[in-house]
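Working notes, beginning with the structure itself.
All of these numbers come straight from a predicted model, not from anything done at the bench.
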Amino acid sequence: MADVLLFHHALGLTDGVVAFADGLRAGGHRVTTPDLYEGRTFSGLEAGVAHAEEVGFDVIVAAGVAAAEALPERVVYAGMSLGVLPAQRLAQTRPGALGAVLLHAGVPVSAFGDWPERLALAAHTNRDDDWGDLDVLTDLVDQVQGRADAELFVYEGSTHLFTDSSTPDHDPASAALVLERVLAFLDRVGG
């Protein structure tokens, strides 16, 4: 069983994010899903990203870091799109992190310093996602491999938030495969 801190994407803490977290919980893991938007949700990425820009990405990351304070050190940090910012920051900088699960996006290792030795990484994205960061995730996994367990899973599709069942981007088959792979990752690193 692993403790997981899962951060939502730019649309906010949607029913689909909660459903994904529930899938992890059904696999026997403890999952915390902080609401970085204080109850607000958006129906489109443009509006959600505009809100994040208005609030400030630094403020969102700081709220994510604050959400981790009540959790034990040994946590897997997960983020969906915008949520990878606090997830990756915590994974790279908070002592005791077990792993990082990056869904739909990622940032270069250098954004938060160096990648810790033995910090496991699993990244998932669609190949033709205009909002995604396939190149960034490829570079990230290449940098981490050899120092830690690192895998990049690329799915055949063009939608961005394909793991969120409450969005038009949802791809049930790919989302089920992501969930299966994330559960296997959590079982491996959460020991």
Side-chain angles (χ1 to χ4, degrees), residues 4-24 26-27 31 33 36-37 41-53 57 60 64 76-89 91-92 99-109 111-112 115 120-145 148-186 188-189:
V4 181
L5 184 55
L6 174 64
F7 295 103
H8 62 74
H9 46 62
L11 301 184
L13 187 57
T14 63
D15 291 342
V17 173
V18 173
F20 189 85
D22 287 343
L24 300 177
V31 183
T33 53
L36 304 178
Y37 279 7
T41 59
F42 298 88
S43 59
L45 278 172
E46 292 82 5
V49 170
H51 175 72
E53 289 172 343
F57 294 112
I60 290 169
V76 175
Y77 299 99
M80 294 180 161
S81 191
L82 173 72
V84 304
L85 292 172
Q88 194 172 328
R89 159 109 189 267
Q92 285 187 239
V101 175
L102 307 179
L103 303 172
H104 319 296
V107 295
V109 170
F112 302 115
W115 194 268
L121 168 65
H124 302 261
T125 192
N126 264 341
R127 183 174 310 282
D128 297 317
D129 175 3
D130 288 339
W131 284 89
D133 299 318
L134 180 56
D135 293 342
V136 172
L137 289 172
T138 300
D139 289 343
L140 177 62
V141 169
D142 287 347
Q143 289 179 28
V144 173
Q145 282 179 335
D149 175 9
E151 292 182 280
L152 173 61
F153 298 97
V154 180
Y155 303 85
E156 296 303 325
S158 60
T159 59
H160 185 55
L161 301 177
F162 66 95
T163 59
D164 185 326
S165 60
S166 65
T167 70
D169 284 0
H170 186 237
D171 178 336
S174 291
L177 187 53
V178 171
L179 181 62
E180 176 184 316
R181 289 172 169 167
V182 171
L183 287 168
F185 177 82
L186 295 175
R188 206 167 53 246
V189 303

Inter-residue atom distance [X].[atom1] - [Y].[atom2], 0.5 Å rounding:
X    : Y    : atom1 : atom2 : answer
L134 : L152 : CG    : CG    : 6.5 Å
T33  : M80  : OG1   : CE    : 10.5 Å
F57  : L82  : CZ    : CG    : 6.0 Å
D142 : T138 : CG    : OG1   : 6.5 Å
I60  : E53  : CD1   : CD    : 9.5 Å

Using every non-hydrogen atom in the two residues, find where [X] and [Y] come nearest and quote the distance to one decimal.
X    : Y    : value
V31  : A21  : CG1-CB, 3.8 Å
F185 : A122 : CD1-CB, 3.7 Å
F20  : V182 : CZ-CG2, 4.4 Å
L13  : T41  : O-CG2, 3.9 Å
A100 : W115 : CB-CH2, 4.0 Å
L11  : S43  : CD2-C, 4.1 Å

Partners meeting salt bridge (charged side-chain N to carboxylate O under 4.0 Å, His left out) with E46 (sequence neighbours left out): none

Salt bridge (charged side-chain N to carboxylate O under 4.0 Å, His left out) partners for D22, two or more places apart: R25

Sole residue of T159, V17, L161, L45 in side chain to side chain contact (heavy atoms under 4.5 Å, CB included) with T167: L161

Any donor-acceptor pair under 3.5 Å from Y77 side chain to L102 backbone: no

Partners of [X] by side-chain contact (heavy atoms from CB on, under 4.5 Å), sequence neighbours excluded?
X    : answer
D15  : S166
V107 : L85, Q88, A111, F112
A150 : L121, V141, V144, Q145

Going by the rule side-chain hydrogen bond (donor to acceptor under 3.5 Å, both in side chains), which residues pair with [X] if we only count those two or more places apart in sequence or in a different chain?
X    : result
D149 : R188
S81  : H160
D133 : none

Salt bridge (charged side-chain N to carboxylate O under 4.0 Å, His left out): pairs with one or both residues in residues 163-175, sequence neighbours excluded: none

Any pair counted as salt bridge (charged side-chain N to carboxylate O under 4.0 Å, His left out), so long as it reaches residues 5-14, sequence neighbours left out: none

Could you tell me whether the side chain of [Y] reaches within less than 4.5 Å of the side chain of [X], counting heavy atoms only?
X    : Y    : result
V136 : P108 : yes
L140 : V109 : yes
V154 : N126 : no
H8   : T14  : no

Parallel, tilted or perpendicular, as decided by the 30° and 60° cut-offs, for the rings of H51 and Y37: perpendicular

Residues in ring pair (Phe, Tyr, Trp, His ring centres under 6.0 Å) contact with F153, at least two apart in sequence or another chain: H124

Ring pair (Phe, Tyr, Trp, His ring centres under 6.0 Å) partners of F162, counting only residues at least two apart: H104, Y155

